[in-house]
Enquirer: 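One structure, as structure tokens, below. Some questions next.
Every value quoted in this text rests on a predicted model; they were computed, and no experiment measured them.
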Amino acid sequence: MGNSKSGALSKELLEDLKSNTKYNEAELCVWYQSFLKECPTGRITKEQFEGIYASFFPNADPTEYARHVFRSFDTNADGQLDFKEYIVALHLTSGGKTLQKLEWAFALYDVDGNGTISKNEIQEIVKSIFNMIPEEDQKDLPEDENTPDKRANKVWDFFGKKEDDKIAEREFIQGVMDNKDILRLIQYDEPQKIKDKLKEKKQ
């Protein structure tokens with residue numbers, strides 16, 4: 001996965017990340033130095049990852065969501081992210097092409113990793129997203145999606161599923177691409193706050 005402990009990125013990893021993310025060489029090198037400063041071992045643990053998310057959302061509780069995001073990017077399930085996994089996570093959670101982002105969203109919602117999404121899994125992730133919305137802001141949400149259950153039901157009803165049905169990946173991606181309202185319901189985007197935070201880290 002690259003020179004995780006050396007002070008410089010391997011050329012192979014650099015080219016890989018330039019091709020697959022929106023970051024250029026200069027940005028990746030800055031990210032790498034910042035990553036090594038925070039994680040001298042070249043790996044980031046789940047607890048450290050949760051700490052980074054906590055700094056993004058000081059007025060809410062992103063712990064559960066961060067845990068699910070971590071799981072979805074810990075591709076080899078070793079309980080740590082290397083630099084490549086970390087950068088791909090940043091790329092997809094703050095940008096990313098729609099298809100890539102939706103493939104990741106499916107992995108996020110597929111909590112048990114069995115290749116389908118159940119209503120319980122939708123409820124679990126939606127609840128973790130709600131924990132990141134300050135209570136003050138929750139009051140401004142539309143009546144039919146101002147609780148985790150209401151929002152999860154709205155998503156589930158859109159797919160026309162019965163209580164015990166499952167959603168497969170292709171169906172999930174197609175459904176979300178066909179309805180931007182569902183995309184809004186399944187994700188938590190606060191791009192400006194995150195962008196500002198990322199800028200601070202680069203300086």
Enquirer: Listed by chain and number, what are the side-chain contact (heavy atoms from CB on, under 4.5 Å) partners of Glu135, not counting sequence neighbours?
Expert: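 Partners of Glu135 by the side-chain contact (heavy atoms from CB on, under 4.5 Å) criterion come out as none, since no residue qualifies.
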
Enquirer: Strictly by salt bridge (charged side-chain N to carboxylate O under 4.0 Å, His left out), give each pair with a member in residues 144-161 just once, sequence neighbours left out.
Expert: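 Qualifying pairs, neighbours excluded: Glu143-Lys150, Asp144-Lys154, Glu145-Arg151, Glu145-Lys154, Glu145-Arg184, Lys161-Glu171.
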
Enquirer: Looking only at atom types and distance, does a side-chain atom of His91 sit under 3.5 Å from a main-chain N or O of Lys22, one as donor and one as acceptor?
Expert: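 Such a contact is found between His91 side chain and Lys22 backbone.
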
Enquirer: Applying salt bridge (charged side-chain N to carboxylate O under 4.0 Å, His left out) as the test, list every pair that has at least one member in residues 56-71; sequence neighbours left out.
Expert: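 For residues 56-71, and leaving out neighbouring residues, the salt bridge (charged side-chain N to carboxylate O under 4.0 Å, His left out) pairs sorted by first residue read Glu50-Arg67, Glu64-Arg67.
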
Enquirer: Check whether any side-chain heavy atom of Phe83 lies under 4.5 Å from a side-chain heavy atom of Leu17, and answer yes or no.
Expert: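 When only atoms from C-beta onward are counted, Leu17 and Phe83 do touch, with a gap below 4.5 Å.
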
Enquirer: To the closest 0.5 Å, what do you measure between CG (Asn76) and CD (Glu85)?
Expert: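 Output value for this atom pair is 5.0 Å.
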
Enquirer: Could you check if a side-chain atom of Asn20 sits within less than 4.5 angstrom of a side-chain atom of Val88, using non-hydrogen atoms only?
Expert: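 Answer no - side chains too far apart.
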
Enquirer: CD of Gln100 to OG1 of Thr21: how many Å apart, nearest 0.5 Å?
Expert: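 So the gap between those two atoms works out to 9.0 Å.
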
Enquirer: Got Ile87 and Leu28 here, is their nearest side-chain heavy-atom distance under 4.5 Å?
Expert: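 Sidechains of Leu28 and Ile87: in contact.
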
Enquirer: Mind checking what makes side chain to side chain donor-acceptor pair (under 3.5 Å) contact with Asp164, not counting sequence neighbours?
Expert: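 In terms of side chain to side chain donor-acceptor pair (under 3.5 Å), with neighbours along the sequence ignored, Asp164 is linked to no residue.
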
Enquirer: Quick one: side chain to side chain donor-acceptor pair (under 3.5 Å) partners of Lys166, sequence neighbours excluded?
Expert: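 Here no residue qualifies.
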
Enquirer: For the residue pair Lys139 and Asn146, confirm or rule out a side-chain donor-acceptor distance under 3.5 Å.
Expert: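 Looking only at side-chain atoms, Asn146 and Lys139 do not form any donor-acceptor pair under 3.5 Å.
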
Enquirer: Within a strict 4.5 Å, meaning less than it, do heavy atoms of the Arg43 and Asp78 side chains meet?
Expert: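 Yes, close enough: below the 4.5 Å cut-off.
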
Enquirer: Could you list the residues that satisfy ring-ring contact (aromatic ring centres under 6.0 Å, His included) with Phe159, not counting sequence neighbours?
Expert: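 If we apply the ring-ring contact (aromatic ring centres under 6.0 Å, His included) test to Phe159, skipping adjacent residues, there are no hits.
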
Enquirer: With Tyr86, which of Tyr23, Phe35, Phe70 fulfils ring-ring contact (aromatic ring centres under 6.0 Å, His included)?
Expert: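 For Tyr86, the ring-ring contact (aromatic ring centres under 6.0 Å, His included) test succeeds with only one of Tyr23, Phe35, Phe70, which is Phe35.
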
Enquirer: Any pair with a residue in residues 105-118 that passes salt bridge (charged side-chain N to carboxylate O under 4.0 Å, His left out), sequence neighbours left out, goes on the list, sorted by first then second residue, please.
Expert: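 Output for this query is empty, none listed.
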
Enquirer: Are Asp74 and Lys46 within salt-bridge range, i.e. N to O under 4.0 Å?
Expert: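 Looking at Asp74 and Lys46, the cut-off is not met.
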
Enquirer: Rounded to the nearest 0.5 Å, how far does CD1 of Ile133 lie from CG of Leu141?
Expert: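 Spacing of CG (Leu141) from CD1 (Ile133) equals 5.5 Å.
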
Enquirer: Taking the side chain as everything from C-beta on, heavy atoms only, tell me whether Lys119 gets closer than 4.5 Å to Val155.
Expert: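 The answer is no, as the side chains (C-beta and beyond) never meet within the 4.5 Å cut-off.
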
Enquirer: Who pairs with Phe106 by ring-ring contact (aromatic ring centres under 6.0 Å, His included), at least two apart in sequence or on another chain?
Expert: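 For Phe106 the ring-ring contact (aromatic ring centres under 6.0 Å, His included) partners, ignoring immediate neighbours, are Phe172.
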
Enquirer: Without swapping roles, check the side chain of Gln138 against the backbone of Phe130 for a donor-acceptor pair under 3.5 Å.
Expert: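 Looks like yes, one N/O pair under 3.5 Å.
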
Enquirer: Considering only heavy atoms from C-beta outward, does the side chain of Ile125 approach that of Glu121 to under 4.5 Å?
Expert: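 Side-chain contact under 4.5 Å: no.
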
Enquirer: Mind checking what makes ring-ring contact (aromatic ring centres under 6.0 Å, His included) contact with Phe73, not counting sequence neighbours?
Expert: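 Once residues adjacent in sequence are excluded, the partners of Phe73 under the ring-ring contact (aromatic ring centres under 6.0 Å, His included) criterion are Trp104.
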
Enquirer: Considering residues at least two apart in sequence or located in another chain, which fulfil the side-chain contact (heavy atoms from CB on, under 4.5 Å) criterion with Glu103?
Expert: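 So Glu103 forms a side-chain contact (heavy atoms from CB on, under 4.5 Å) with Leu99, Glu169, Ile173.
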
Enquirer: Please tell me if the side chains of Glu27 and Val30 come closer than 4.5 Å, counting only heavy atoms from C-beta onward.
Expert: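 Answer no - side chains too far apart.
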
Enquirer: Looking only at heavy atoms, which two atoms of Ile186 and Ala105 are closest? And how far apart?
Expert: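 Residues Ile186 and Ala105, closest heavy atoms: CD1-CB, 4.2 Å.
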
Enquirer: Look at atom CD of Glu12 and say whether more than 12 heavy atoms of other residues, nucleotides or ligands are closer to it than 6.0 Å.
Expert: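 Result for CD/Glu12: open.
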
Enquirer: Taking only residues two or more places apart in sequence, or in another chain, which ones meet Asn179 in a side-chain contact (heavy atoms from CB on, under 4.5 Å)?
Expert: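 So Asn179 forms a side-chain contact (heavy atoms from CB on, under 4.5 Å) with Phe158, Asp181, Ile182.
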
Enquirer: Tell me whether Asp165 contacts the main-chain N or O of Lys162 through its side chain, where contact means a donor paired with an acceptor under 3.5 Å.
Expert: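 Indeed, once roles are kept as given, a pair shorter than 3.5 Å links the two residues.
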
Enquirer: Could I get the full list of ring-ring contact (aromatic ring centres under 6.0 Å, His included) partners for Trp156, not counting sequence neighbours?
Expert: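 Per chain and number, Trp156 pairs via ring-ring contact (aromatic ring centres under 6.0 Å, His included) with no residue.
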
